[in-house]
Amino acid sequence: MKTVRYTNQQLADTLYKIADLLEIKGEVIYKILAYRKAAESLTELPGDVNQYWEEGKLTDIPGVGKAIAEKIDELLSTGKMEFQDRLEAEVPSSLVEVLQVPDVGPKKVALFWREAGVTNLAELKAAANDGKLRDLPGMGPKSEAKVLAGIKALARRTDRMPLGKAWPFAQELLVFLSEIPGVQAVEAAGSLRRMRNTVGDLDLLAAAPDSGPVMDAFVGHPGVIEVLGQGEVKSSVEFSNNVRVQLWVHPPDRFGTALQYATGSKDHNVRLRELAIKRGLSLSDQAFTTEAGDEILCATEADVYSQLDLPMIPPELREDRGEVKAALTGNLPNLIRTQELGSELHTHSTWSDGKLSIREMAGEARKRGKQVLAITDHTYSLGVAGGLSVEELQEQRVEIDVVRDELGESIQLLHGCEVEIRADGTLDYPDEILAQLDIVIAALHTGLRQPRVRVTKRLLNAINNPHVDIIAHPTGRIIPNREGADLDMGAIFEAAAESGVALEINAHPSRLDLDDVYARQAVDMGILITVNTDAHSASDMDLLHFGVATARRAWIEPQQVINTWSYEKLVGWLRSRG
DNA sequence: GCCGTTTTCGGCCCGACTGTTTTCAGTCG
């Protein structure tokens, strides 16, 4: 009998904590890594862990074997885990916060705990201030000062930043780097290059024959407030906006291995190293090395992959989600590209909360090479966004027709709406009004905190309405502050597959909703995807590539996304839906 | 503790940087 409900994330957090405590305790590293791997796997799991548990399929989760499955089972059945309780009796769990301090790892935490009686952050700070750490083995005045600096850094450390913040800042720094004399190439690496929806530290690379002057110029950037480290190959700094940036500088003939290494992900790189080892090679950020000790240099990433007899794997796929196997067997997807999206199907005008008129939006869309633009303003329940009444919608239709006449064939305008799914699950316009529109998008904006069953039912109502063509930003999450609604995604996907409605990947970097994991699950079930900017202004239209990146992370190919279809095919599909 | 197109046992990436050391340990990515 089930007594406790844990979300995937809560369970993952428990496993992460166990890993931290084991590490402080001094367990063998591979046991710790196993717990972390299982935790990471849970955070990425598309389905609900409770369902795996109910079906007795916990060990189907990658990284979850017999031992961890038993512990999860105990926790979900009884709400307790004896292993964890015993561990916490042995190692104070408040030491986990001490482990968060930069430059303080498990060995130091154990040292401070066992030798100086430190059990939490406050005690660590007091001990460092009192000069009690400097005389411990392996410590000294500099290390003690580093602990205090680390505590300060921890206090001001912000969480991972949204991609929408990291991206423009990285572009700015890349321009700065590219202008340093001697620099031949620059590139952003890390999770930014893989286009994860949030980014921790920025990882940047420069190719230059002589790294010294580049490093000097980098740490001398006017925005740098602290140099955390500076070496020949790597330097690390903190900027005044609290963003930490690492720069690697490699000679041009080693740029390929360096870029591949720095792009990650860690797990993807592990897979590549395994392949290298099978070929008698070891792979590092510097080069391949043969067993005889000879180096094989790679100037480009394509060289790195080709050395392993692999096609180039796009950065967005490098998450160890089967991409290496797919590459080996010639089954990499033909990933969608931004320029293939000829239609923008979710935009707003001054009729509701947009900044531009219909005429101006059409001009901006045309400027960006669009052949089709749908105007989909909010409906009246969403008062804060100036939603349209039925009468206003009819007036808007008149204006659409006028602009259509002006534009001729240069761009096709669709008249639609983003119809509100009300708190009771009904839609804002009656069916006969929806039927008159070229395209209907339905979306949740309110009542996102309703209980799972209720909020899921609202969305199902919309999916099952024959006039609804698209579900916009399905979960309603806002990065980084707002969790999405507690939806039963399994039920949502089944209904969407059945009704043929398209699910949106909203391209705004604060949404990216559906996320990559859900989107991949959706297309695997044959559900159509639409990628839209939800533009409220001209500049919003330039955010499309974030949505496309999310689609690429979901292994999505062009034909699965309705925005790539010809106008005729798109309209045919819309008409067939009533 | 997990895992298997060489394996059910024996692996599990590896190098840069820093501060403490006189050759290495800890941390990080």
Side-chain angles (χ1 to χ4, degrees), chain A residues 15 18-19 22-24 26-41 58-72 83 99-112 133-147 149-150 153 189-192 199-205 211 215 219 227-237 244-250 254 257-258 260-289 320 324-325 328-329:
Chain A
L15 296 182
I18 289 173
L22 288 173
E23 199 171 20
I24 294 165
E27 254 303 349
V28 291
I29 188 66
Y30 296 112
K31 186 186 281 195
I32 293 148
L33 291 175
Y35 276 92
R36 295 224 169 101
K37 169 78 186 161
E40 198 179 329
S41 195
L58 283 174
T59 52
D60 284 3
I61 301 168
V64 175
K66 189 159 170 282
I68 292 181
E70 277 172 6
K71 293 183 175 82
I72 293 175
F83 176 74
L99 195 56
Q100 302 309 310
V101 178
D103 297 317
V104 176
K107 300 286 167 60
K108 293 270 180 69
V109 173
L111 178 74
F112 300 156
L133 301 181
R134 60 180 64 188
D135 297 327
L136 297 173
M139 292 288 292
K142 276 191 174 176
S143 299
E144 190 175 70
K146 220 172 168 180
V147 168
S191 52
L192 181 80
V199 177
D201 299 351
L202 289 185
D203 300 301
L204 306 179
L205 264 89
S211 76
M215 290 300 187
V219 303
V227 178
L228 304 161
Q230 183 179 354
E232 281 279 301
V233 175
K234 188 173 86 173
S235 293
S236 181
V237 301
R244 287 187 173 206
V245 182
Q246 296 207 82
L247 174 69
W248 279 271
V249 181
H250 287 264
R254 295 178 189 269
T257 41
Q260 196 292 315
Y261 171 84
T263 299
S265 67
K266 220 160 129 185
D267 290 336
H268 174 85
N269 288 357
V270 168
R271 293 276 165 264
L272 289 198
R273 291 204 158 82
E274 285 170 2
L275 285 182
I277 287 165
K278 283 179 191 169
R279 286 165 172 72
L281 298 169
S282 92
L283 170 60
S284 76
D285 60 332
Q286 297 285 338
F288 286 97
T289 310
D320 190 26
V324 173
K325 198 174 201 177
L328 280 169
T329 54

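Only heavy atoms go into these numbers, but all of them, side chains included; no hydrogens, no water, no symmetry mates. Here is how names work: the chains are called A, B, and so on, in the same order as the sequence lines, proteins then strands, and each is numbered from 1.
Counting any heavy atom pair closer than 4.0 Å across all strands shown, A:D103 reaches sugar-phosphate atoms only and no base atom. Using a 4.0 Å heavy-atom distance criterion, A:K146 is classed as a sugar-phosphate-only contact. Residue contacts for A:Q246: at a heavy-atom cut-off of 4.0 Å it reaches the sugar-phosphate backbone alone, with no base atom in range. In this structure, A:V28 reaches neither bases nor backbone, as no heavy-atom distance under 4.0 Å exists between it and the strands shown. Across all strands, A:Y35 comes closer than 4.0 Å only to sugar-phosphate atoms, never to a base (heavy-atom distances). Contact annotation for A:K325: no contact, since no heavy-atom pair falls under 4.0 Å across all strands. Here A:P106 lies in heavy-atom contact (under 4.0 Å) with sugar-phosphate atoms only.
B:dC2 and B:dG11 make up a base pair, with Watson-Crick or G-U wobble contacts both under 3.5 Å.
Judged as a side chain to side chain donor-acceptor pair (under 3.5 Å), and not counting sequence neighbours, A:E70 has no contacts. Taking A:Q286 as the reference, nothing meets the side chain to side chain donor-acceptor pair (under 3.5 Å) condition, with sequence neighbours excluded.
Counting 5' to 3', DNA chain B first comes under 4.0 angstrom of a heavy atom of chain A and last does so at the ends given by B:dG1 to B:dG29.
Here, B:dC12 and B:dT7 have their C1' atoms 13 Å apart, quoted to the whole Å. Distance check on atom P: B:dA16 versus B:dG11 gives 25 Å, rounded to whole Å. Atom C1' of B:dC13 sits at a distance of 29 Å from the matching atom of B:dT22, rounded to the whole Å. Atom P of B:dT27 sits at a distance of 13 Å from the matching atom of B:dT20, rounded to the whole Å. Atom P of B:dC2 sits at a distance of 24 Å from the matching atom of B:dT6, rounded to the whole Å. Of the C1' atoms belonging to B:dT18 and B:dT23, the separation is 15 Å, rounded to the nearest Å. Between B:dG1 and B:dT8, the distance separating the two C1' atoms is 14 Å to the nearest Å.
Using cut-offs of 30° and 60° for the angle between ring planes, the A:Y261 and A:W248 rings count as perpendicular.
A donor-acceptor pair is defined here as one N or O able to donate and one able to accept, closer than 3.5 Å; such a pair exists between the side chain of A:S41 and the backbone of A:P62. Here the side chain of A:E144 pairs a donor or acceptor atom with the backbone of A:L133 at under 3.5 angstrom. Formation of a donor-acceptor pair under 3.5 Å by the A:E27 side chain with backbone atoms of A:L22 is not found in this model.
Residue order along DNA chain B, read from the 5' end via each residue's closest nucleotide, puts A:K266 first among A:K266 and A:E144. The nearest heavy atom of DNA chain B to A:I32 and to A:K107 marks one nucleotide each, and the one closer to the 5' end goes with A:I32.
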(request) Might you work through the side-chain contact (heavy atoms from CB on, under 4.5 Å) test for A:V233 and A:H250, ending with a clear yes or no? (result) CA-CA 7 Å; A:V233 175; A:H250 287 264; 3.8 Å; yes
